[in-house]
Peer 1: 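Just passing along the structure, written as structure tokens.
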Amino acid sequence: MTPELESLGRRAIACKDCRWMPGMLHRNWRNSTRVTEEHAGYRWDGWPDLSDPLTVQALLLLVREALGCPEAHVYYADLSRLWVVRWGYEGLGVRTVAGATEAEALVAALEAAP
């Protein structure tokens, strides 16, 4: 795991709306462990491994929940070469945040949650 991904994982877990969900890959200085249903919500000493696809998908679910917008979605914008998270409703205000990777965009959205 790169130092950048570790830093991003630490940013994610520091968000008030972030919690451990089943399937996420937990990392710490010693090892990595897949979170089970039994241990979901437990206060682990570590950070999510955002190089893991299941962990990134769980982060999307947390973002939707934190934003109160089940339609929130993430996509790659070819022109800007950024990943974008978009939420809100036309006419009521649409918001976006972006990042160089899908995980970075999702962490930014989690940080932007009210």
Peer 1: Specify the closest pair of heavy atoms between W20 and P48, including all atoms of both residues, with the distance to one decimal.
Peer 2: CH2-N, 3.3 Å

Peer 1: May I have the list of side-chain donor-acceptor pairs in residues 68-75 shorter than 3.5 Å, sequence neighbours left out?
Peer 2:
{"from": "E71", "atom 1": "OE1", "to": "Y89", "atom 2": "OH", "distance (Å)": "2.7"}
{"from": "H73", "atom 1": "ND1", "to": "E71", "atom 2": "O", "distance (Å)": "3.1"}

Peer 1: Shortest non-hydrogen contact from A103 to L50?
Peer 2: CB-CB, 3.9 Å

Peer 1: Going by the rule salt bridge (charged side-chain N to carboxylate O under 4.0 Å, His left out), which residues pair with E4 if we only count those two or more places apart in sequence or in a different chain?
Peer 2: none

Peer 1: If you group Ile, Leu, Val, Met, Phe, Trp and Tyr by side-chain heavy-atom gaps below 4.5 Å, do L106 and L8 land in one group?
Peer 2: yes

Peer 1: Where do L110 and D17 land on the side chain to side chain contact (heavy atoms under 4.5 Å, CB included) test, with the steps shown first?
Peer 2: CA-CA 7 Å; L110 202 56; D17 295 306; 4.2 Å; yes

Peer 1: Can you measure from CG (N31) to NE2 (H26) and round to the nearest 0.5 angstrom?
Peer 2: 7.5 Å

Peer 1: Could you pull out the closest heavy-atom pair between G99 and A105, with the gap in Å?
Peer 2: N-CB, 3.8 Å

Peer 1: What about V107 and V97, same hydrophobic cluster or not, with Ile/Leu/Val/Met/Phe/Trp/Tyr joined at side-chain heavy-atom distances under 4.5 Å?
Peer 2: yes

Peer 1: Look at the side-chain heavy atoms of Ile, Leu, Val, Met, Phe, Trp and Tyr, link any pair under 4.5 Å apart, and say whether V84 and L61 land in one connected group.
Peer 2: no

Peer 1: For R86, give me all partners under salt bridge (charged side-chain N to carboxylate O under 4.0 Å, His left out), at least two apart in sequence or on another chain.
Peer 2: E90

Peer 1: How many angstroms lie between atom OG1 of T33 and atom CE of M24, to the nearest 0.5 angstrom?
Peer 2: 13.0 Å

Peer 1: Per the side-chain hydrogen bond (donor to acceptor under 3.5 Å, both in side chains) rule, what does the pair list look like for residues 49-63, sequence neighbours excluded?
Peer 2: R27-D49, R34-D52, D49-S51, D52-T55

Peer 1: What heavy-atom pair brings A98 and L82 nearest, and what distance separates the two atoms?
Peer 2: CB-CD1, 4.0 Å

Peer 1: With a 4.5 Å heavy-atom cut-off, do L5 and W47 have their side chains touching?
Peer 2: no

Peer 1: Kindly give the heavy-atom pair with the smallest separation between V85 and A109, and that separation in Å.
Peer 2: CG1-CB, 3.8 Å

Peer 1: For residues 95-114, which residue pairs pass the side-chain hydrogen bond (donor to acceptor under 3.5 Å, both in side chains) check, not counting sequence neighbours?
Peer 2: R11-E111

Peer 1: Looking at every non-hydrogen atom in both residues, tell me the closest pair between A113 and L67 and how far apart they are.
Peer 2: CA-CD2, 3.8 Å

Peer 1: Quick one: side-chain hydrogen bond (donor to acceptor under 3.5 Å, both in side chains) partners of E65, sequence neighbours excluded?
Peer 2: R19

Peer 1: Counting only heavy atoms not in R81, do more than 12 sit closer than 6.0 Å to its CZ atom?
Peer 2: no

Peer 1: Does one hydrophobic cluster hold both V56 and L54, with members joined at side-chain heavy-atom distances below 4.5 Å?
Peer 2: no

Peer 1: Given the rule that I, L, V, M, F, W and Y join up when any side-chain heavy atoms are under 4.5 Å apart, are I13 and M21 in one cluster?
Peer 2: yes

